[in-house]
Amino acid sequence: MIRRRRRPEDGTALVELTWLGILLLIPMLWIVMSVFEVQRGAFGVSAAARAAGRAYALAPTDAEGRRRAEIVARQALADQGLADAPLKVTVTCTPYPSSCHQGTSVITVRIATRVDLPMLPAVLGGDAPSFALDATHTVPIGQFQEIDVGTGDAQTP
């Protein structure tokens, strides 16, 4: 009969708890940070769509409206810390698709972007994982109008 000497187990629970805590805490921390990053992106893309719709409606021409819409959308994303995020601005108009600043047109601006999820290096599988986001905002023409400061009258494009 072979006798084995029992080692004392004093302190092993603390070591096991520490390792288990680290192994569970790191993924939980990544999940929480990813959710916050996606929420920040959702706020930014929503604000960008709203601002771009207003800027387009206030512009005197469709070409100027597209330029202004992209500028204010980029600024709204930058305000949320997403200055380097890719940006796609799409503008559609009904019932006059060729001229958005006409009569009773309704302008719909769609902003599409993506946010990269934090703390995952490209080594783990190519590109950094990302989350696609988009938002739309609809503005009837005439809701926002430029006002001539001297007369107080609305200007028509």
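Treat the numbers as computed from the prediction; the structure is a model and nothing was measured.
- Legend: ring-ring contact (aromatic ring centres under 6.0 Å, His included) pairs involving residues 39-90, not counting sequence neighbours, sorted by first then second residue: Tyr56-His101.
- Sorted by first and then second residue, the pairs that involve residues 103-119 and meet salt bridge (Lys or Arg N to Asp or Glu O under 4.0 Å), not counting sequence neighbours, are Arg110-Asp134, Arg114-Asp116.
- With sequence neighbours left out, Ser34 forms a side chain to side chain contact (heavy atoms under 4.5 Å, CB included) with Trp30, Leu117, Pro118.
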Assess the residue pair Thr138 and Val106 against the criterion (side-chain contact (heavy atoms from CB on, under 4.5 Å)); give the C-alpha distance rounded to whole Å, side-chain angles, the decisive distance to 0.1 Å, and a yes or no.
CA-CA 7 Å; Thr138 302; Val106 176; 3.1 Å; yes
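- Pairs of residues two or more places apart, or lying in two chains, never qualify as salt bridge (Lys or Arg N to Asp or Glu O under 4.0 Å) while including a residue from residues 24-36.
- Cys93 contributes atom SG, which lies 7.5 Å from atom CD1 of Ile141 (distance to the nearest 0.5 angstrom).
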Does the side-chain contact (heavy atoms from CB on, under 4.5 Å) test come out yes or no for Ser99 and Asp62, once each step is laid out?
CA-CA 7 Å; Ser99 177; Asp62 290 344; 4.2 Å; yes
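- Contacts classified as salt bridge (Lys or Arg N to Asp or Glu O under 4.0 Å) and involving residues 24-34 (residues at least two apart or in different chains) are not found.
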Please list, one pair per line, the donor and acceptor atoms closer than 3.5 Å that link side chains of residues 70-88 to other protein atoms, with sequence neighbours excluded.
| from | atom 1 | to | atom 2 | distance (Å) |
| --- | --- | --- | --- | --- |
| Arg74 | NH1 | Ala83 | O | 3.1 |
| Arg74 | NH1 | Ala85 | O | 2.8 |
| Arg74 | NH2 | Ala85 | O | 3.4 |
| Gln75 | NE2 | Asp79 | OD1 | 2.8 |

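- For the residue pair Arg68 and Leu58, the shortest heavy atom distance occurs at NH1-O, 3.7 Å.
- Rounding to the nearest 0.5 Å places CD1 of Ile107 at 10.0 Å from NE2 of His137.
- Residue pairs satisfying the salt bridge (Lys or Arg N to Asp or Glu O under 4.0 Å) criterion with at least one member in residues 20-43, sequence neighbours excluded, are listed as follows: Glu37-Arg40.
- Each ring-ring contact (aromatic ring centres under 6.0 Å, His included) pair with one or both residues in residues 59-78, not counting sequence neighbours, would appear here, but there are none.
- Listed by first then second residue, pairs satisfying ring-ring contact (aromatic ring centres under 6.0 Å, His included) with a partner in residues 63-95 number zero, not counting sequence neighbours.
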Residues Val89, Val109; criterion side-chain contact (heavy atoms from CB on, under 4.5 Å); working and verdict
CA-CA 7 Å; Val89 179; Val109 177; 4.1 Å; yes
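- Within the hydrophobic cluster formed by Ile, Leu, Val, Met, Phe, Trp and Tyr side chains joined at under 4.5 Å, directly or through other members, Leu17 stands alone, with no partner residue.
- Contact detail for Ser105 and Pro95: the closest heavy-atom pair is CA-CD, 4.1 Å.
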Using the rule given for side-chain contact (heavy atoms from CB on, under 4.5 Å), can you reason through Val115 versus Val38, listing the C-alpha separation, both sets of side-chain angles and the distance that settles it, and then say yes or no?
CA-CA 7 Å; Val115 292; Val38 170; 4.2 Å; yes
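- Rounding to the nearest 0.5 Å places CZ of Arg67 at 9.5 Å from OG1 of Thr61.
- Residues satisfying the side chain to side chain contact (heavy atoms under 4.5 Å, CB included) criterion with Ile22, sequence neighbours excluded, are Thr18, Ile26.
- For residues 69-90, the set of pairs meeting the ring-ring contact (aromatic ring centres under 6.0 Å, His included) definition, not counting sequence neighbours, is empty.
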